[in-house]
Amino acid sequence: AGHITAETLMSILRDKASGICVDSEGFRTAGSMVSVLPRDPALPCVHFFTATPDPSRSVFKPFVFVAGIKEVPRVRSPSFPQDPAKQIPRFRSSVDRRHELYRGHQAALELMEQDPERGRELLETLRELEKQGLEGMKELLE
């Protein structure tokens with residue numbers, strides 16, 4: 001009915017029953033994105049990324065791309081002086097390319113599985129942060 005919001009789309013991307021959000025059998029939804037594209041070209045587009053797998057247990061974080069944007073170090077894959085991807089022959093060894101946010105997400109998932117009560121509290125806190133990002137987006141676009 002024309003009332004689809006960013007929250008609606010986030011909810012859809014978190015839906016395990018539909019098969020959209022997958023976290024089992026060796027495959028996991030790698031990450032998700034929701035974009036808000038205003039009709040007014042003077043307003044910025046706001047993109048929400050999980051930057052971590054399993055949107056049902058991830059937080060959608062808002063990003064607005066502008067000129068001169070600063071890279072966020074916590075979501076940048078680490079670099080290696082002797083990177084196996086750049087050596088010949090390639091990939092004779094492996095390195096841990098997980099960025100800091102991904103590592104934190106993995107620790108949160110472990111907590112959620114090992115201590116469901118603390119995991120639920122953590123997820124509530126994360127969803128509150130997500131809500132703040134959505135409210136900030138609405139203020140920006142008004």
Tell me the closest heavy-atom pair linking S93 and P84, and the distance in Å. O-CB, 3.2 Å
Residues S58 and R14: closest non-hydrogen pair is O-NH2, 3.0 Å
Less than 4.5 Å apart, any side-chain heavy atom of H105 and any of P53? yes
Does one hydrophobic cluster hold both M10 and V64, with members joined at side-chain heavy-atom distances below 4.5 Å? yes
About how many Å separate CG of L43 and CD of E142, when rounded to the nearest 0.5 Å? 10.5 Å
Can you name the closest pair of heavy atoms from C45 and P38 and give their distance? CA-CD, 3.9 Å
Smallest separation among heavy atoms of V22 and G19, with atom names: CG2-O, 3.3 Å
Within one Ile-Leu-Val-Met-Phe-Trp-Tyr cluster: V59 and I12, side-chain cutoff 4.5 Å: no
Any chance you could measure Q132, atom CD, to M137, atom CE, to the nearest 0.5 Å? 14.0 Å
Report yes or no: do T5 and T8 form a side-chain donor-acceptor pair below 3.5 Å? yes
L37, CG: over 12 other non-hydrogen atoms inside 6.0 angstrom: yes
Should the pair F65 and H47 be assigned to parallel (<30°), tilted (30 to 60°) or perpendicular (>60°) ring geometry? tilted
Whether the side chain of R103 engages the backbone of R98 through a donor-acceptor N/O pair (distance < 3.5 Å, no angle test) should be reported. yes
F60 versus L13: any side-chain heavy-atom pair under 4.5 Å? yes
Between P62 and F48, the two heavy atoms sitting closest are CB-CE2, 3.5 Å
Under 4.0 Å between a Lys/Arg side-chain N and an Asp/Glu carboxylate O for E124 and R120? yes
Taking everything shown except K16 itself, do over 12 heavy atoms lie less than 6.0 Å from its NZ? yes
4.5 Å side-chain heavy-atom contact, P44 and L141: yes
Does K131 reach the side chain of R127, with side-chain heavy atoms less than 4.5 Å apart? no
Write down the atom of P41, the atom of R39, and the distance for their closest heavy-atom approach. CD-O, 3.2 Å
Supply the atom-to-atom distance L129 CG to T125 OG1, rounded to the nearest 0.5 angstrom. 7.0 Å
Hey, does R57 have a side-chain heavy atom less than 4.5 Å from the side chain of T50? no
Does R118, at its CZ atom, have more than 12 non-hydrogen atoms belonging to other residues, nucleotides or ligands within less than 6.0 Å? no
What I'd like to find out is whether the side chain of R97 reaches to under 4.5 Å of the side chain of F80, using heavy atoms alone. yes
Can you tell if the side chain of K61 reaches within under 4.5 Å of the side chain of F49, non-hydrogen atoms only? no
Rounded to the nearest 0.5 Å, how far does CD of E113 lie from CG of L109? 6.0 Å
Is atom CD of Q82 surrounded by more than 12 heavy atoms (other residues, nucleotides or ligands) closer than 6.0 Å? no
